[in-house]
*Asks:* 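Let me begin by handing over the structure; questions about it come next.
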Amino acid sequence: MHLVVLSNADLRKELLAQAPDSALEITWATDVQQLMHQAGADAYLDLLFENTPERIQQLRSLGTPVIINSVMDTLAETDAAFIRINGWLGFLHTPIVEASGTNEAAKAVAAQIFQQLGKTICWVPDQAGFVTPRVVSAIINEAYFALEEGVSTKEEINTAMKLGTNYPYGPLEWAAKAGLRNVYQLLQKLQKEHSRYVPSEWLWKEAGL
């Protein structure tokens, strides 16, 4: 099976974490133009997806299963034919990949691809933030509220969460990996559902928004 992947170096490393010697034939692209020039592949994975009409039209034109890294935007906001995954940095290195899809043929191809990468897809409802990014973003937000209130330092909060809950990263380390802007923008979107997601002012300031 031939897979074309649009990625940066960090996401590439996480994608291959469980299968550095995968038999899957992978062609790597660093920009969308390179991706579009790889016609005839069995599937395409856009880990640098941007939700713009132009990008969606380009990916639609490929005609084969397209998998997008879209934590914030649902299939209803992109394209129902796509498969969307949680590809935030810091999440893709695990053997479980959260994904949503409605096209059964595309879901079967996606499951096969990730199986060859040593990963298992966990199909979840098509909602903003999937499951894990929602939970982790809320924890990150609480850590920033704790900083605002002078409860502790960044280093102490990270250490306490790693030792106390066995998390792979402290909440502020996770925020840096996933991207403060990504976390803040997801919380902004989720606060429309519930006030518990209202972002911390310190998070807003550090995100530079």
Side-chain angles (χ1 to χ4, degrees), residues 1-124 126-130 133 177-183 185-186 189:
M1 181 175 288
H2 181 201
L3 173 68
V4 179
V5 183
L6 173 55
S7 179
N8 58 32
D10 290 335
L11 287 171
R12 174 174 176 167
K13 183 178 179 180
E14 288 202 358
L15 181 68
L16 297 177
Q18 282 76 37
D21 301 315
S22 173
L24 189 66
E25 180 187 351
I26 303 177
T27 298
W28 299 94
T30 56
D31 58 51
V32 72
Q33 288 74 28
Q34 289 182 359
L35 180 81
M36 298 305 298
H37 287 155
Q38 298 295 328
D42 295 298
Y44 297 84
L45 171 56
D46 187 350
L47 289 176
L48 305 180
F49 177 73
E50 297 176 359
N51 187 8
T52 64
E54 180 183 14
R55 184 67 148 258
I56 291 171
Q57 186 57 42
Q58 287 173 319
L59 296 176
R60 280 176 181 161
S61 70
L62 294 169
T64 54
V66 172
I67 306 164
I68 59 173
N69 174 11
S70 180
V71 172
M72 212 161 338
D73 297 322
T74 66
L75 295 174
E77 297 166 305
T78 54
D79 191 300
F82 295 164
I83 299 295
R84 59 181 280 257
I85 66 166
N86 170 19
W88 272 4
L89 190 64
F91 294 82
L92 195 58
H93 74 288
T94 68
I96 303 295
V97 177
E98 289 176 64
S100 297
T102 58
N103 183 309
E104 293 302 322
K107 286 173 69 174
V109 172
Q112 184 179 354
I113 286 169
F114 281 100
Q115 183 179 37
Q116 291 186 48
L117 289 168
K119 300 176 187 291
T120 300
I121 286 185
C122 177
W123 297 105
V124 298
D126 184 37
Q127 61 183 5
F130 292 107
K177 279 185 170 291
L180 282 173
R181 290 192 174 203
N182 287 335
V183 172
Q185 289 169 349
L186 177 58
K189 189 168 190 175

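We count residues from 1, following the sequence as given. Worth saying up front: this structure is predicted, and the values here are computed from it rather than measured.
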*Asks:* Atom CD in Q112, atom CD1 in I121: separation rounded to 0.5 Å?
*Replies:* 11.0 Å
*Asks:* Would you compute the distance between atom CG of D126 and atom CZ of R84 and round it to the nearest 0.5 angstrom?
*Replies:* 5.0 Å
*Asks:* K189 and D73: which non-hydrogen atoms are nearest, and at how many Å?
*Replies:* NZ-OD1, 3.2 Å
*Asks:* Please find the pair of heavy atoms, one from A178 and one from V183, that lie closest to each other, and give the distance.
*Replies:* CB-CG2, 4.3 Å
*Asks:* Is a donor on one side and an acceptor on the other found under 3.5 Å between the side chain of Q34 and the backbone of T30?
*Replies:* yes
*Asks:* Atom CD of residue position E54 - does it have more than 12 heavy atoms of other residues, nucleotides or ligands inside 6.0 Å?
*Replies:* no
*Asks:* Is the number of heavy atoms from other residues, nucleotides or ligands within 6.0 Å of CD (Q127) greater than 12?
*Replies:* yes
*Asks:* What's the shortest heavy-atom distance between S61 and M36, and which atoms?
*Replies:* OG-CE, 3.3 Å
*Asks:* How long is the span from the CG atom in L47 to the CD1 atom in I67, to the nearest 0.5 Å?
*Replies:* 9.0 Å
*Asks:* For the residue pair L92 and G87, what are the closest heavy atoms and their distance?
*Replies:* CD1-CA, 4.2 Å
*Asks:* So, for H2 and T27, which heavy atoms are closest and what is the spacing to 0.1 Å?
*Replies:* NE2-OG1, 2.8 Å
*Asks:* Please check if atom NZ in K13 has more than 12 non-hydrogen atoms from other residues, nucleotides or ligands closer than 6.0 Å.
*Replies:* no
*Asks:* If I compare all heavy atoms of R60 with all of T78, which pair ends up nearest, and what's the gap?
*Replies:* NH2-O, 3.9 Å
*Asks:* Taking the side chain as everything from C-beta on, heavy atoms only, tell me whether F114 gets closer than 4.5 Å to L15.
*Replies:* yes
*Asks:* Side chains of L48 and R55: does their closest heavy-atom pair fall under 4.5 Å?
*Replies:* yes
*Asks:* Between T74 and A128, is there a donor-acceptor pair closer than 3.5 Å when you use the side chain of the first and the backbone of the second?
*Replies:* no
*Asks:* For D79 and V66, run side chain to side chain contact (heavy atoms under 4.5 Å, CB included): C-alpha distance rounded to whole Å, both residues' side-chain angles, the deciding distance at 0.1 Å, then the answer.
*Replies:* CA-CA 10 Å; D79 191 300; V66 172; over 6 Å; no
*Asks:* Is there a donor-acceptor contact under 3.5 Å from the side chain of E14 to the main chain of G90?
*Replies:* yes
*Asks:* Show me the donor-acceptor pairs, under 3.5 Å and distance only, between side chains in residues 3-11 and residues at least two apart or in other chains.
*Replies:*
{"residue": "S7", "atom": "OG", "partner": "R12", "partner atom": "N", "Å": "3.2"}
{"residue": "N8", "atom": "OD1", "partner": "D10", "partner atom": "N", "Å": "3.3"}
{"residue": "N8", "atom": "OD1", "partner": "L11", "partner atom": "N", "Å": "2.8"}

*Asks:* Are any of the side-chain heavy atoms of L186 and W88 separated by less than 4.5 Å?
*Replies:* yes
*Asks:* Step by step, would you call V97 with N86 a side chain to side chain contact (heavy atoms under 4.5 Å, CB included)?
*Replies:* CA-CA 7 Å; V97 177; N86 170 19; 5.8 Å; no
*Asks:* Distance-only, no hydrogens or angles: does the E98 side chain make a donor-acceptor pair with backbone N or O of I85 under 3.5 Å?
*Replies:* no
*Asks:* Is there side-chain contact between L35 and Y44, with heavy atoms separated by less than 4.5 Å?
*Replies:* yes
*Asks:* Do K107 and T102 have side-chain heavy atoms sitting under 4.5 Å apart?
*Replies:* no
*Asks:* Less than 4.5 Å apart, side chain to side chain, heavy atoms only: is that true for V32 and F49?
*Replies:* no
*Asks:* Main chain of T94, side chain of K119: is a donor-acceptor contact present, judged purely on distance under 3.5 Å?
*Replies:* yes
*Asks:* With heavy-atom distances below 4.5 Å as the criterion, would you say the side chains of L59 and D46 are in contact?
*Replies:* yes
*Asks:* Are the side chains of V124 and S100 in contact, using a 4.5 Å heavy-atom criterion?
*Replies:* yes
